[in-house]
Undergrad: 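Take this structure, written in structure tokens, and hold onto it; I'll ask about it next.
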Amino acid sequence: MVKPARERIALLLQGGESTGSFSAEATVPAAGVTLAVDGVGPVKLPIGAAQERMLVSVARPAMFGHGEETLTDPSVRDTWELTADQVSLGGAWEQVLEAVLLEVHEGLGLPQGSRLRAEPHALLVYGPDQFFAPHQDSEKDDEMVATLVVSLPSIHTGGELVVSHGGQSRTYRHSARDSIGFVAFYADCIHEVLPVRSGRRVTLTFNLLVTRESEEEIDPDEELASLVGEHFATPMTPRWSTEVTSVPNHLVVLLDHQYSERGLAAGRLKGRDVEWVNRLRVAAGRADCLSALALAEIRQTWNAYEEHRSWRYRYDDDESLANDGSSESYDLGELIEDEISLGWWKRSGVGDGEPIRLGVNQGEVCAVTPTDSLTPYQSEYEGYMGNYGNTVDRWYRRAAIVLWPKERDFIARAEADLPHAIAELIGRLKDGDDLDRARTDARAVVNLLRVGGQLLAPLLAVAESLDDAELAHDLLAPLGSEGLTAEHAPALAAVVNRYGRPWSQRLIGSWFPTRGHRLGRWEWATDTLPGVALALRRAGADGVVTDICRRIWANLSGSIGLALVEGPRAWAANVSSIVEPAESLFRVAEAEVVDEFVATLAATGDGVLDLELPMLRRLGSDAPASLVEDAVKRLEVMLAAPPRPADDWSIVWSGCGCDLCETLRGFLADRGATEFDWPLRTDGRQHIHQRIEAAELPVTHHTIRKGRPYTLHLAKRPDLHEREAVQRRQATTDLAWLREGRG
Ligand SMILES: O=C(O)CCC(=O)C(=O)O
Ligand SMILES: [Fe+2]
């Protein structure tokens, strides 16, 4: 793989020796590459014995250049050769070769601004004992700099290619069925092919020619600028996935020295940083980028392995382990997490420094000096953390120069300081800035939004001025309604006015989901809704108030339905959290809307009286007639039923329908039965226990641990009659209170 631009930038800044080597290697899957040979036709890959025989039938013994002469001398070279014009490569070959040439260009350390071309030379077939003695290739062309040996898929042992230069030598083996091996080496290298021992080795040789793209010496700063351009044009690949994301909006080049905000703002740079910053600023100018000096906070998490030592020592040393990660008490393993964020920057040529909050992707970071070679200002060792075993966290502060493309200035700064960017957008809209440009910028902002209130006010203003219903929705919906207060009412009314009721219903719909009740939402209904409603009405947005009330009611009544299914005590606990928000909705919504709400209550089971009565008490004379009516009706029906006769112990209940529940139901429904001894296995006892608890049945139960299975002893509670009598008395009082006008 070719190194990403940011790594090449680091190498360039570091300067010094070229990083290339005398030879370079690459391996590429063979799938998709095809081979055909004159007089043979298509050749199947990998090359087996049959293919080998066919190739040899159209080959001749290889020649060997010796001074002016060309000889065949099997003591120097023993192999079969086909000339380049007999061979054609197809399918994915061109793309494969192009990628390999780029990689080899880098591996050999050839200068930027130059390009490699490959000229086919020959196809060679080596059978057992065949070889090529050490030699140096003749440079047939002025432009030739290197040789490329391509090993086609074929299985063999022996036949290694050994390349030597300046006292170093490297041995390459490539015997694979499904991949193609590439080795490039400079033409001044001595190289040889060792005898094949078994199988066959088939190679293609190419002359590698280098072309300068321009005649002039390339200027290293021009190179830097072109790498900066490449960085901003190349999508990033997240470290833990192969999925390619968007192009980076920042390049963060970490500096070597430490700075205070003031030092950095004043541009008092030190050491190598002076040169780097200068060069990067020049490169930024050439690549149409803007820049800033910034302060970064870095946190790295590493796997850590404890060194072997005695328990006693470890125990004594615990304190220092926890506080001082730099002690020699563990070995560092792999880097698990590497987070970098910028907290402050001073833009080049603009104002003073500003606090920002920019989380930086690893694909945006360039470091000449790796962070882990520096001393952390803090480190923390943690024993066995979940998946990771022991870890150590290390924190660093580093300075950086940040670059971003001028044409993406808005989004690059919005990522760093969203409120500021939005304020700027409002200013531009006020000044009658180009609307299309503003819309493009606003669309970029959508992806940066999180639930929360602080941005609601400015974004309401932006949403209105953009005059684009879809975009306005996308800008406002992600914020949620948590931060919605009376202060926002005029702006909200204005947006709704511009985009219409269906638009606002959609927005309110996403702000107030009807599923998944959250207590926070209900607190909002109790505490904040009344003020918001009043202000919205003043601003002429009555419809929005109705929509909000309906959505909250839908959520609330949904949870009433759910809570009623549970036992009375659980229901009572739930009711207490519903009364206040429900009261608030009844006070805020218009009369007809409130009647809708009452209609849903009227359609609910009897337990809802526990909600209706407290609401009626709280609403006092403001209670709607429909609510009074429903409660009166329920109480009358209750009292119309005759009181429980003294000998009636029946309890109405239906279980899950299983045999055990049926037995329980039978006992409960039995007027005369008050106790029941039930031999039951453990799981049966558990089931019955759970049913009784869940429904909060007035039944006591305990297990008599004698015999097999044990016996579950059930008893209807003796206060069954008494409790119902109390309830009836309360109902009578409540009904009287309702009839007498709730005085
Ligand atoms: O087959 C090879 O690996 C190398 C061939 C070679 O060195 C040559 O053709 O000059
Ligand atoms: Fe050679």
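Values below: every heavy atom of this structure, side chains too, minus hydrogens, waters and symmetry copies. Counting convention: from 1, in listed order, for ligands and their atoms alike.
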Undergrad: Is a side-chain N or O of Glu106 found less than 3.5 angstrom from the main chain of Glu103, in a donor-acceptor match?
TA: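 Absent.
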Undergrad: Restricting to pairs with a member in residues 276-286, which pass salt bridge (charged side-chain N to carboxylate O under 4.0 Å, His left out), not counting sequence neighbours?
TA: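 For residues 276-286: Asp219-Arg286, Asp221-Arg279, Glu222-Arg286, Glu275-Arg279.
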Undergrad: Applying a heavy-atom distance cut-off of 4.0 Å, which protein residues contact ligand 1?
TA: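 Contacting ligand 1 under 4.0 Å are Arg77, Leu124, Tyr126, Phe132, His135, Asp137, Val149, Leu161, His191, Val193, Arg201, Thr203, Thr205.
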Undergrad: Is it true that Phe185 and His165 have ring centroids separated by less than 6.0 Å?
TA: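 Phe185 vs His165: aromatic centres not under 6.0 Å.
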Undergrad: Please state whether the rings of His257 and Tyr259 are parallel, tilted or perpendicular, taking 30° and 60° as the class boundaries.
TA: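 Plane angle over 60°, so perpendicular.
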Undergrad: Flag this pair as yes if the NZ/CZ of Arg200 is under 6.0 angstrom from the six-membered ring centre of Tyr126 and inside a 45 degree cone about the axis; otherwise no.
TA: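 No; the conditions do not both hold, so Arg200 does not lie above the ring face of Tyr126.
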Undergrad: Please, which pairs that meet salt bridge (charged side-chain N to carboxylate O under 4.0 Å, His left out) have at least one residue in residues 187-197, sequence neighbours excluded?
TA: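 Listed by first then second residue: nothing to list.
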Undergrad: If we ignore hydrogens and angles and just use 3.5 Å, is the side chain of Arg398 paired with the main-chain N or O of Leu255 as donor and acceptor?
TA: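 Side chain of Arg398 to backbone of Leu255, a donor-acceptor pair under 3.5 Å: yes, one is there.
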Undergrad: With a cut-off of 2.8 Å, which protein N/O/S atoms are close to the Fe ion (ligand 2), if we only count those under it?
TA: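 Within the sphere that stays under 2.8 Å of the Fe ion (ligand 2), the protein atoms of type N, O or S are His135 NE2, Asp137 OD1, His191 NE2.
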Undergrad: Taking the cut-offs as 6.0 angstrom to the six-membered ring centre and 45 degrees off its axis, would you call Arg170 and Phe22 a cation-pi pair?
TA: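 Pair Arg170/Phe22 counts as cation-pi.
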Undergrad: Determine, for Glu364 against Arg6, whether the closest basic-nitrogen to carboxylate-oxygen distance falls under 4.0 angstrom.
TA: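 Between Arg6 and Glu364 there is no salt bridge, as every charged N stays at least 4.0 Å from the carboxylate O atoms.
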